[in-house]
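A short write-up of the structure that comes next.
Start at 1 with the first residue, then count along the sequence. Heavy-atom basis, side chains included; hydrogens, waters and symmetry copies ignored.
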Amino acid sequence: MARSTGTDAPRITLTEPTDLQDWSPAPSDLLTGDRIEAKRIAVLDVAGERLPDLELEECVVGTLRADGTDLRGLRVRDSVVETLDAPVFRASSSAWREVRVAGGRVGSAELYDATLNAVEFVGMKLGFVNLRGSTLADVVFRDCVLDELDIADARLLRVSFEGTRIRSAEGSNTRIDHVDLRAADLDRVERLEGFRGATIGADQLYALAPLLAAQAGYRVD
């Protein structure tokens, strides 16, 4: 539904999968390009593995351990990951559609050239997130902490940051449409260059005035 300011909210209709088969895979059970469908997995531990082009469809994963895993070209559809444990998450050129990641900590997320469509990140601690050249449509960050966000050459359409603390967002040539920062925590923000064109609230504008003036090159005396 369009809001009064003309900033549209993300459109997400994810329904958690049901009628799933319980599965407890060993690391050797998965190979490059494998497709996992309609499974409930308590722990999917693929840390340090090389699994490009892996596919998950209509799955619920309790804990995904993927530190340093080569997940280039990962495809995730109609799925829920309850906890993502990956100090280094390597998933460039991945595609996500109707997905919820409901918790976890990621120190460095390599998501450049990715496509995120109808995705929720909830209650996550995210350090450096590289979204260069990525496309985000109908994406929500809810109750998260984002230390550093690189969105150079990215496209953001209907993206919101509800109750999310953002420290830095940088990037050039970013295309912004219906990006909503009004419910974000911007009290400790250091840089916002990447969010030119986003919607902020009047109270946020007052708080951010010194930062915006500095970014524009003004000296306030």
Side-chain angles (χ1 to χ4, degrees), residues 1-15 74-79 89 91-101 106 109-124 126 128-209 211-217:
M1 180 182 294
R3 298 178 181 178
S4 60
T5 61
T7 303
D8 293 346
R11 304 164 185 170
I12 298 177
T13 58
L14 171 67
T15 300
L74 173 71
R75 301 289 184 268
V76 188
R77 295 181 291 271
D78 303 303
S79 295
F89 186 59
S92 60
S93 302
S94 54
W96 308 65
R97 188 187 69 206
E98 296 289 353
V99 177
R100 180 185 303 120
V101 183
V106 176
E110 299 177 11
L111 289 168
Y112 54 88
D113 297 326
T115 302
L116 284 69
N117 193 330
V119 178
E120 292 180 279
F121 297 97
V122 183
M124 297 194 68
L126 298 158
F128 173 64
V129 182
N130 185 348
L131 286 166
R132 281 178 169 258
S134 295
T135 299
L136 285 69
D138 300 307
V139 174
V140 175
F141 292 87
R142 182 178 293 110
D143 301 325
C144 294
V145 176
L146 280 165
D147 287 337
E148 188 174 355
L149 190 61
D150 186 343
I151 48 177
D153 300 311
R155 170 75 192 275
L156 279 65
L157 172 65
R158 292 187 302 275
V159 178
S160 68
F161 298 82
E162 301 171 9
T164 290
R165 180 185 301 167
I166 303 170
R167 184 172 181 181
S168 172
E170 300 183 77
S172 58
N173 301 316
T174 306
R175 290 173 292 171
I176 294 281
D177 291 290
H178 302 284
V179 172
D180 196 343
L181 295 175
R182 287 173 294 177
D185 179 357
L186 303 178
D187 287 348
R188 302 180 186 178
V189 69
E190 294 179 353
R191 290 180 295 275
L192 276 180
E193 290 94 333
F195 280 132
R196 290 187 176 93
T199 300
I200 62 174
D203 55 337
Q204 291 171 314
L205 177 60
Y206 179 80
L208 291 172
L211 173 68
L212 299 175
Q215 289 181 178

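- With Ser134 contributing its side chain and Leu111 its backbone, the two residues share a donor-acceptor pair below 3.5 Å.
- A search for side-chain hydrogen bond (donor to acceptor under 3.5 Å, both in side chains) contacts involving Thr15 returns nothing, not counting sequence neighbours.
- Residues forming a salt bridge (Lys or Arg N to Asp or Glu O under 4.0 Å) with Arg77 (at least two apart in sequence, or on another chain): Glu55, Glu57.
- The two residues Ala9 and Arg158 have their closest heavy-atom pair at O-CD, 3.5 Å.
- For Asp143, the salt bridge (Lys or Arg N to Asp or Glu O under 4.0 Å) test picks out no residue, with sequence neighbours left out.
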Could you go through residues 113-120 and list every donor-acceptor pair under 3.5 Å that involves a side-chain atom there, pairing it with any protein atom two or more places apart or in another chain?
unit_1 : atom_1 : unit_2 : atom_2 : d
Glu120 : OE1    : Arg100 : NE     : 3.3
Glu120 : OE2    : Arg142 : NH1    : 2.9

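- Evaluation of the ring-ring contact (aromatic ring centres under 6.0 Å, His included) test over residues 147-188, restricted to residues two or more places apart or in two chains, returns Phe141-Phe161, Phe161-Phe195.
- Among residues two or more places apart in sequence or in another chain, the side-chain hydrogen bond (donor to acceptor under 3.5 Å, both in side chains) test is passed with Ser94 by Trp96.
- Under the side-chain contact (heavy atoms from CB on, under 4.5 Å) criterion, Arg155 pairs with Thr135, Leu157, Arg175, Asp177, sequence neighbours left out.
- With sequence neighbours excluded, the residues satisfying side-chain hydrogen bond (donor to acceptor under 3.5 Å, both in side chains) with Asp150 are Arg132.
- Asp153 pairs by the side-chain hydrogen bond (donor to acceptor under 3.5 Å, both in side chains) definition with Asn173, not counting sequence neighbours.
- With Met124 as the fixed residue, the side-chain contact (heavy atoms from CB on, under 4.5 Å) test singles out one of Val145, Val129, Thr164, Val101: Val101.
- Looking at heavy atoms from C-beta onward, Thr199 lies out of side-chain contact with Val179 at the 4.5 angstrom threshold.
- Formation of a donor-acceptor pair under 3.5 Å by the Glu98 side chain with backbone atoms of Leu14 is found in this model.
- For Arg75, the CZ atom counts as densely surrounded, since its 6.0 Å shell holds more than 12 non-hydrogen atoms of other residues, nucleotides or ligands.
- Considering CD1 of Ile12 and CG of Asp138, their distance stands at 6.5 Å, rounded to 0.5 Å.
- Closest non-hydrogen pair, Ala184 versus Ile166, comes out as CB-CD1, 4.2 Å.
- Here the CG-CG distance, from Asp180 to Leu156, works out to 12.5 Å after rounding to the nearest 0.5 Å.
- With values rounded to the nearest 0.5 angstrom, Leu126 atom CG is found 8.5 Å from Asp147 atom CG.
- Under the side-chain contact (heavy atoms from CB on, under 4.5 Å) criterion, Ser168 pairs with Glu148, Glu170, Arg191, not counting sequence neighbours.
- In this structure, CZ on Arg165 lies 12.0 Å from SG on Cys144, to the nearest 0.5 angstrom.
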